[in-house]
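Worksheet: the structure to be examined is printed underneath.
Chain naming here is simple, since letters A, B, ... match the order of the sequence lines and numbering starts at 1 in each. This is a predicted model, so every value here is computed, not measured.
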Protein chains: 2
Amino acid sequence: MTGAGIEQRPTQVQRHHYPAIAVDMIILTMGENDLMVLLIQRRGEPFAGHWAFPGGFVDPAESLDEAAARELREETTVSDVYLEQLYTFGEPTRDPRGRVISVAYFALVRQPLAVVGGDDATDARWFPLSALPALAFDHATILDYALARVRKKIEYTNIVYSLLPETFTLTELQRVYEVILGRRIDKRNFRKKISSLDLVAPTGELRRDGAHRPAKLYHFRSREPRIVEIF
Amino acid sequence: MTGAGIEQRPTQVQRHHYPAIAVDMIILTMGENDLMVLLIQRRGEPFAGHWAFPGGFVDPAESLDEAAARELREETTVSDVYLEQLYTFGEPTRDPRGRVISVAYFALVRQPLAVVGGDDATDARWFPLSALPALAFDHATILDYALARVRKKIEYTNIVYSLLPETFTLTELQRVYEVILGRRIDKRNFRKKISSLDLVAPTGELRRDGAHRPAKLYHFRSREPRIVEIF
DNA sequence: CCAAAAGTGTTGGTTTTACACCCATGG
DNA sequence: CCATGGGTGTAAAACCAACACTTTTGG
């Protein structure tokens, strides 16, 4: 054994054999019929041509949350983002170049957020979950974690606000739940539930689009994350 | 910016400015009227005399899970433990000696597990949550995370099995839920719920202790972690 | 006038909560 | 025979799931 107990940490932090620490960002948004995830195509080895989550190393003076927020800013224009630490992946062999421990974060962002042009023309694209390309490293596993977390969390918090624009229709709201939970929801039951929770309020506006009755627009009463039992 | 995108990792992992990676173990067990947490008293600075979670650095060749399991073995004799990664804490200043990123794990263990005599007479003790000593570093924050996770998780999984001996009474089982959730539960409703879930089965034995009707003993049908909606 | 999506209530079944007394034992 | 904790059922309320038609509009 190597000496248990935090009290046995060296007085000065040593300078070798330490793994590198990266953050990887699972950035999700709503597509038409699917969640979309932002991926970057790798040019060099290993995994050249495969797609990976945006991410990068943690700077010496920044916290993990700050590193994640920075990486997010570098990829998208942010507003009303929901950002949460997901899990830390540290298999010794997950990066063939050397030991890299990755603290994964997931972010839920509003759709119209343009992908920021990579500073070096890296090819960044949104992919629907139903048509993912080959992922680099252990990123397929990481994505599984992220989706499990989001599916669970959407049921007992109000974080859907981060996936919707300022105003939206109840049908659009319902669609978000259906896409993430992967099942149809009864329209009447859904509206009854939502209105009993006081999460949203009508703006008074209508949206008219197409040959049918216009839809009332709603907005979230609060865009702060909050625990609310929804399903 | 420092160069976004995982594809820009250096070909060889560099050897400096990397933080140290530790695991910290929040080891919980059932006490009489409270959850208990295992703590180790620090001798040296910083935080001399304060108490801290057991933990230590991650070895170059081991995964995070392996490091956590090793630290757990070094502190307790293990059997039927539930072990799960909790969260990663990486504030740059959380350890005054230098940057240490701590991947926290929590473990739920059976009570009679003796604390292994520290290899160097470190003072390790169980503390009830209601009477904690001063904690070192950011360990009070970490404990809050752990408790929130355990409280949530106990409601939708069967992980209580890890806190109870092979056989137990329904009253003992109920007590675990009451202590962790911090509220009283109606005995009849609790038994109705538990028996509807098929989590436990009677062994046929009775336990007689004291001047009252003996209690039927039960055991868990399965001691594998499983998702079960309990409350 | 037709097609399309928006909007709206009721009923039956299930689940949850509240609540009080008898049982078996040891001393 | 008494004190102790073990064990059991029922009724009301809340919640959830299933289900179909009318409204408003644009073309």
* To do: Give a yes/no answer on whether the side chain of A:Thr171 brings an N or O atom under 4.0 Å of OP1 or OP2 in C:dA6.
  => yes

* **Heavy-atom donor-acceptor pair, B:Lys192 side-chain to D:dT10 base, under 3.5 Å** => yes

* To do: Take atom CZ of A:Arg191 and atom P of C:dA6, then tell me their distance rounded to the nearest Å.
  => 7 Å

* Between B:Arg70 and B:Glu74, is the closest basic N to carboxylate O distance under 4.0 Å? -> yes

* Give a yes or no on whether the ring-centroid distance for A:Phe220 and A:Phe168 is below 6.0 angstrom. => yes

* Does NZ or CZ of A:Lys193 come closer than 6.0 Å to the centre of the six-membered ring of A:Tyr177, within 45° of the ring's axis? -> no

* Asked: Side-chain N or O of A:Arg188 less than 4.0 angstrom from OP1 or OP2 on D:dA18?
  -> no

* To do: Please report, rounded to the nearest Å, how far the C1' atom of C:dT16 is from the CD atom of A:Glu229.
  => 15 Å

* Does B:Lys152 make a cation-pi contact with A:Tyr156, if we ask for NZ or CZ under 6.0 Å from the ring centre and within 45° of the axis? -> yes

* Asked: Does any N or O donor sit under 3.5 Å from an N or O acceptor when you compare the side chain of A:Lys187 with the base of C:dG7?
  -> yes

* How close or far is atom C1' of C:dG26 from atom CZ of B:Arg207, stated in whole angstroms? -> 17 Å

* Given DNA chain D, 5'-ward residue of the pair A:Asn189 and B:Lys216, judged by closest heavy atom -> B:Lys216

* **Nearest-angstrom distance from the residue atom CG of A:Leu217 to C1' of C:dA6** => 12 Å

* **Aromatic plane relationship, A:Tyr145 with A:Phe89 - under 30° parallel, 30 to 60° tilted, over 60° perpendicular** => perpendicular

N/O contacts under 3.5 Å, protein versus nucleotides 24-27 of chain D?
| unit_1 | atom_1 | unit_2 | atom_2 | d |
| --- | --- | --- | --- | --- |
| D:dT24 | O2 | A:Arg213 | N | 2.5 |
| D:dT25 | O2 | A:Ala211 | O | 2.9 |
| D:dT25 | O2 | A:His212 | N | 3.0 |

* Asked: So do B:Glu75 and B:Met25 actually touch side chain to side chain, heavy atoms under 4.5 Å?
  -> no

* Asked: How close or far is atom P of C:dG9 from atom CZ of A:Phe190, stated in whole angstroms?
  -> 18 Å

* When the ring planes of B:Phe47 and B:His50 are compared, do they come out parallel, tilted or perpendicular, using 30° and 60° as the limits? -> perpendicular

* How long is the line joining CD1 of A:Ile194 and C1' of D:dC16, in whole Å? -> 15 Å

* Whole angstrom is fine here: how far is it from CD1 in A:Ile185 over to P in D:dA18? => 13 Å

* For A:Glu172 and C:dA5, give me the distance from atom CD to atom P, rounded to whole Å. => 13 Å

